[in-house]
Amino acid sequence: MKVRVQQQNFNIAAEIKELCGNRTDIGAIVTFTGLVRDFHGENKIQKMTLEHFPGMAEKQLGNICQAADKRWPLQGGTVIHRYGSLLPGEQIVLVVILSAHREAAFEAAAFIMDRLKTDAPFWKKEQTSHGAHWVEAKDADIKKSQNWKE
Amino acid sequence: MKVRVQQQNFNIAAEIKELCGNRTDIGAIVTFTGLVRDFHGENKIQKMTLEHFPGMAEKQLGNICQAADKRWPLQGGTVIHRYGSLLPGEQIVLVVILSAHREAAFEAAAFIMDRLKTDAPFWKKEQTSHGAHWVEAKDADIKKSQNWKE
Amino acid sequence: MELLYFARIREDIGHSSEIISLPENVSNVESLIGFLRQKGQNYQTAFENEIIIRVAVNQAYVKFDHPLEDKDEVAFFPPMTGG
Amino acid sequence: MELLYFARIREDIGHSSEIISLPENVSNVESLIGFLRQKGQNYQTAFENEIIIRVAVNQAYVKFDHPLEDKDEVAFFPPMTGG
């Protein structure tokens, strides 16, 4: 699978085309696109800034993809995560998964997104009508936080 | 949600763009694309012909979308199913789901595909190197077959 | 009553639709199939195995005990294989 | 030893990286955090709540008892919120 961490936008159709080429053995393509939303709870989002750990971000995304490849019979995939300043409605992340079977494609794409949220070194800062603040991780479980895999 | 049954091909990026427009409240887009595969077991596929029940196909796809809309908090979606003659590598079906939350989008897209397979009146005929034949449904369970919802 | 046939059933019978008057002794899908089987070898082949026959009346799926009226559109087809 | 800081921790400390020599009494991540806390109020604020500190040594996540060497790159950051 291919991993890219980039500032510029991406095009879902171009990514699918590059993955599939002239292949005729693919049965299912599942994609996930994550977008900047205009509201977070009560706060209206004006801008979202994504910080990342260069090098490690790519490495972790690669590890997540490898784990997915081990777990499901996949035929290829692409994960793209953007960084920098993004406005509401803009694309943040893209996952494309190819498989002969739809269940594998759905599950692998969902797995990659779940892992990416907790394991890939990206941080969101929201600029809202009430000031700027770092987005808090949703599960601030003490045990879980210190129980990471080495 | 929008439903289309058509002979012509579709473009995933154009469908997403039409659904999203200038909206900034969407958090997640999940898509499923089903393609004609070149092999079915031992048989090399030369061509796939898709027959459908005009009118009822659209109606059933609409019912499936309504069921998904009731079950998950969705922000829109499109289901396109093609009919006619298709070659290996060609697109058969597209599901696009918008939601504020990724779990809802993943589950709704998978649900629609599962229901579509058993409830939407489409039939595949494969032209292979060993002749043409209708594809058999995977679960030919007697009980299930006569137990349809009215 | 309009009858529609799709996929394998259409091919076995040799045509995709026909208009018939609701026969006297036909009250539901099951007895309609019985009636059709007597119309010839092609119908017998088409309706041989009830396990792989699906029915829609007026574009809604029904069971074999679904009652029929002369104004109904009845469609017969094999289990669906789209997607 | 190279230290990297990201997101809230970077902002609290006021810079994104620095080079230090491994202090005598620092043997693992936990004791490195203790050492850094003494460097000033900005570090105290950054490392106040250990529950929301994550650590990577040479770009691999580690626990606070992970041993350290002078050649290590140690990165501190809050729980991740990408995707």
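Below, chains carry the letters A, B, ... as their sequence lines are ordered, and counting in each starts from 1.
Of residues 80-105 of chain B, those residues lying under 4.5 Å from chain C by any heavy-atom pair are B:His81, B:Ile92, B:Val93. For residues 56-65 of chain B, heavy-atom neighbours of chain C at less than 4.5 Å comprise B:Met56, B:Lys59, B:Gln60, sorted by residue number.
Atom CD of C:Glu24 sits in a sparse spot, with 12 or fewer heavy atoms from other residues, nucleotides or ligands closer than 6.0 Å. Within a 6.0 Å sphere centred on NZ of B:Lys17, other residues, nucleotides and ligands contribute 12 heavy atoms or fewer. A 6.0 Å sphere centred on CD of B:Glu42 holds no more than 12 heavy atoms belonging to other residues, nucleotides or ligands. The environment of NE2 in B:His130 is sparse: at most 12 heavy-atom neighbours from other residues, nucleotides or ligands sit within 6.0 Å. No more than 12 heavy atoms of other residues, nucleotides or ligands lie within 6.0 Å of CD in B:Glu136, so this atom counts as exposed by the packing criterion.
In this structure, the side chains of B:Glu51 and C:Arg10 come closer than 4.5 Å at one or more pairs of heavy atoms.
Listed here is the closest heavy atom pair of C:Ala75 and B:Phe53: CB-CE1, 3.4 Å.
Heavy-atom distances place both the backbone and the side chain of B:Lys117 under 4.5 Å from chain C. Proximity to chain C is absent for every atom of B:His133, based on heavy atoms less than 4.5 angstrom apart.
A side-chain donor-acceptor contact under 3.5 Å links C:Thr81 to the backbone of B:Lys124.
Under the side chain to side chain contact (heavy atoms under 4.5 Å, CB included) test applied with B:Pro121, the options C:Met80, C:Arg54, C:Gln59 reduce to a single match, C:Met80. Partner of C:Phe6 under the ring pair (Phe, Tyr, Trp, His ring centres under 6.0 Å) criterion, out of B:Trp123, B:Phe122, B:Trp134: B:Trp123 alone.
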Legend entry - From CA spacing to verdict: side-chain contact (heavy atoms from CB on, under 4.5 Å), C:Glu11, B:Lys125: CA-CA 12 Å; C:Glu11 285 188 348; B:Lys125 190 174 193 177; 2.4 Å; yes
